[in-house]
There are 2 protein chains.
Amino acid sequence: MSTTSTTPQTAPRRATITDVAREAGTGKTSISRYLNGEMSVLSPDLRARIEAAIARLDYQPNQMARGLKRGRNRLIGMLLADLTNPYTVEVLQGVEAACHALGLMPLICHAANEVEMERRYLQLLTTYRVEGVIVNALGVREETLRPVVGSGIPAVLVDRLVDGLVADMVGLDNRAAAELGTRHLLESGFDEIWFAVQPFEQVSSRQLREAAFREAMGAQAGQAGQAGQVGQGGKGRARGHTLVLNLADTAEVERSLAELDRAIDAATNAGHSGRGGNLANPGGAARPAAPHSRRIALFAANAPVALCLALHLKARYGADWQSRVALLSIDDPDWAELTGVTTIRQPTYEIGYRAVEFLHERIEGVQTAARDCLLPGELIVRASTSR
Amino acid sequence: MSTTSTTPQTAPRRATITDVAREAGTGKTSISRYLNGEMSVLSPDLRARIEAAIARLDYQPNQMARGLKRGRNRLIGMLLADLTNPYTVEVLQGVEAACHALGLMPLICHAANEVEMERRYLQLLTTYRVEGVIVNALGVREETLRPVVGSGIPAVLVDRLVDGLVADMVGLDNRAAAELGTRHLLESGFDEIWFAVQPFEQVSSRQLREAAFREAMGAQAGQAGQAGQVGQGGKGRARGHTLVLNLADTAEVERSLAELDRAIDAATNAGHSGRGGNLANPGGAARPAAPHSRRIALFAANAPVALCLALHLKARYGADWQSRVALLSIDDPDWAELTGVTTIRQPTYEIGYRAVEFLHERIEGVQTAARDCLLPGELIVRASTSR
DNA sequence: CTGTTAGCGCCTTCAA
DNA sequence: TTGAAGGCGCTAACAG
């Protein structure tokens, strides 16, 4: 397996269409025609000679040159806000597949959560004359997209909208998903639900999820008679809270989590005194919350938030943290199954695939009004929320 | 936040260098010079006019055209075997960063574990005249890389070698890492260690890890007197096994896991009767293995394998599976911290970064013999292997 | 300092 | 059926 034989090769300069023409004893035009599949206009003889010449020279047409000439290079840009989020990677798979199927070549750009990067990449893509871009935007101002959209390059948005920009967009049906999750939690009899989400003023998907959560919490009265009494499990109306977790700022996160801790301790009648709460449970055996405490559940707006919560809870309450708090998350990272966390899986692959299809249509000149494609999430109930 | 105002734009045709020249009342050459930073040869006046013209026309040079002319387009290919593996994504981050720093633009290609895809992408990259490629190879035959390397395009390998190909490569110091892990397990007093790895005949990194594991197991006698007696913890010599897990084939995986189950049951004196073993422990309370049983540990060659093992064990022995078996994994996925699994973290970001640096040097013409850059892994001990 | 002249590799009329 | 000529947007000698 070690690197052994050397690889002696000719290598100097790639053959060009001119070389092939000479080798085949004909003109460049015929070669070009051959390359473009205009076989009907080539005598069997010439065609054979061309074929041979191409093989002999190991010729491969230069996409750049073709692109320069015909004005389309089959390149599309794909701008990703955060590759660290499993969601992103999954969408990417769908994008790759669709591109492959449609003869497109995706230029992947990773903004790594930096608005400045995003701006630069967009500008760079423009420079490569991509035929279109798929954007999982970070910056939400239309202005950032101006260089590309302003140039008439079609764009399709993924997961979130961009303020002031009219464009196709494909993503999760956030309202339905958040409602689905909230309902599940209510029906499972939780008395207190915390919706944890990253700062959401700027990101439409987060905003929609949060709003739908609050709405669903508000609607529970309608389902179970009048407010204050006879909830799902015969208890009263469940309480809902929104917890903002700015993952980019550790200090802020600390503060938010502290607030959550207080709530959990209160609901759980345990009175943990700050840190090291898990030391209070040395036996290691599972100890369910006290019988008369309120059942509390966390609803994470996405996987990164869920992970942050889980890590914190584990650190605070020990490996058995799930006996104290239930966790439901939008997104279905691979560790969800492992830890028994309930999730709402997004059809990520399809989202990516559809995005490329939309873009392709636009590139081909489709002029219809901006379209929205909202795909449903799938609730996957696991131990965390079912006893 | 909803899409509101429309975005009226000129859009028709991008301005070209000729347009700018006309607008600035000068020739194309001066514009070109300006674009290439040859400011010293431009009168302040002309320069100002050019600047203005460029701004007015919102001109952006066409990279394709430049590339065509000067023979270099700043594009490099990045071929990924499997984006599903967190390792890959992490390496990608380093690659992106380095590219950005060096003014390169990475074309990301995802082979999705299909050799045919890999072949096609390689050929496609060639067609776009990338200046170099970074390859996390799937197919290990040099022949696959022939179209690119044969064309004199520099390549650098990541994580694994390609049989018969001489090229720079950067990755983990596999021997050291596997040895580090094995030693840790031995020192922690495990009596039986299973090294789980995907089929490794074809992948150099897996092969090296497995070999180093066996070697380290063999070496324990030297550390603790003679074979058979006085092991690390006063017990006898620990036994080592290799378990091949072909993740691409569910049936095969089932079979391998069954073998593992038998071993665990035996070592653990539990005599689980096949499936549903977890039902035998209904109380839900943690029940450590019987006092006189042998302590058994699993050493996963990478994160996907570790996840497969963990999921299986959890399904079979319940949430408390870690009290029966310890798990150590090369790679440090985000769920490791959450589940308390011990890991050996690879310097993934740096691997990606170094790969690009190597490639860049080659592109710039460096001719030295093929280099290997082996970076060390970092052992992160967690609950799984420490009581 | 500045402009003119050739192409880079390919496609596309337009004639033959 | 075939080929010659011109040009895509840009750079790189050469003159002025």
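In what follows, every chain begins at residue 1, and chains take the letters A, B, ... in the order their sequences are listed.
- Between A:Arg120 and A:Glu114 there is no salt bridge, since none of the side-chain N atoms of the basic residue sits less than 4.0 Å from a carboxylate O of the acidic one.
- One atom, CD1 of B:Ile54, and another, C1' of D:dC10, lie 13 Å apart when rounded to the nearest Å.
- The side-chain heavy atoms of B:Tyr128 and B:Asn73, taken from C-beta on, include no pair separated by under 4.5 Å.
- Between B:Glu118 and B:Arg141, none of the side-chain N atoms (NZ, or NE/NH1/NH2) sits under 4.0 Å from a carboxylate O, so this pair counts as no salt bridge.
- When the C1' atom is compared between C:dT5 and D:dG6, the two are found 16 Å apart, to the nearest whole Å.
- Proximity of residues 24-36 of chain A to DNA chain D (heavy atom under 4.0 angstrom from any strand atom) is restricted to A:Thr26, A:Gly27, A:Thr29, A:Ser30, A:Arg33.
- In this structure, the CZ atom of B:Arg49 is 12 Å from the C1' atom of C:dG3, given to the nearest Å.
- Listed by residue number, B:Arg66, B:Lys69 are the residues of residues 66-76 of chain B with a heavy-atom contact under 4.0 Å to DNA chain D.
- Residues B:Tyr59 and B:Ile17 have side chains in contact (heavy-atom distance under 4.5 Å, counting atoms from C-beta outward).
- Residue B:Leu42 is the one, among A:Pro61 and B:Leu42, whose nearest nucleotide of DNA chain C lies closer to the 5' end (criterion: closest heavy atom).
- Residues A:Val170 and A:Asp159 form no side-chain contact, since every pair of their non-hydrogen atoms from C-beta on lies 4.5 Å or further apart.
- You'll find that the side chain of B:Ala65 is closest to D:dG9, out of D:dG9, C:dC1, C:dG9.
- The nearest whole Å value for the distance from the CD atom in A:Gln60 to the P atom in C:dG9 is 15 Å.
- Between the side chain of A:Thr16 and the backbone N or O of A:Thr18 there is at least one donor-acceptor pair closer than 3.5 Å.
- A salt bridge links B:Glu361 to B:Arg371: at least one charged side-chain nitrogen sits closer than 4.0 Å to a carboxylate oxygen.
- Counting to the nearest Å, the P atom of C:dC8 and the CZ atom of A:Arg14 are 17 Å from each other.
- Checked for salt-bridge contact, B:Glu357 and B:Arg354 meet the test: a charged N lies under 4.0 Å from a carboxylate O.
- Contact check for B:Asp58 versus B:Arg14: side-chain heavy atoms found under the 4.5 Å cut-off.
- Taking 4.5 Å as the limit, every side-chain heavy atom of B:Ile76 sits out of range of all side-chain heavy atoms of B:Val133.
- Atom CE of B:Met64 and atom P of C:dG9 are 16 Å apart (whole Å).
- What separates OH of A:Tyr128 from C1' of D:dG9 is a distance of 15 Å, to the nearest Å.
- Taking the side chain of B:Tyr59 as heavy atoms from C-beta on, and the options D:dT1, D:dC10, C:dG9, the nearest nucleotide is D:dC10.
- The pair A:Arg362-A:Glu131 does not meet the salt-bridge criterion, since no charged nitrogen lies less than 4.0 angstrom from a carboxylate oxygen.
- When rounded to the nearest whole Å, the span between CZ of B:Arg22 and P of C:dT2 equals 20 Å.
- Heavy-atom minimum distance, A:Ala101 versus A:Tyr353: CB-OH, 3.6 Å.
- With a 3.5 Å limit on both pairing distances and Watson-Crick or G-U wobble geometry required, the stems of 3 or more pairs in DNA chain D span C:1-4 with D:13-16, C:6-16 with D:1-11.
- Distance, B:Glu38 CD to C:dG3 P: 14 Å, rounded to whole Å.
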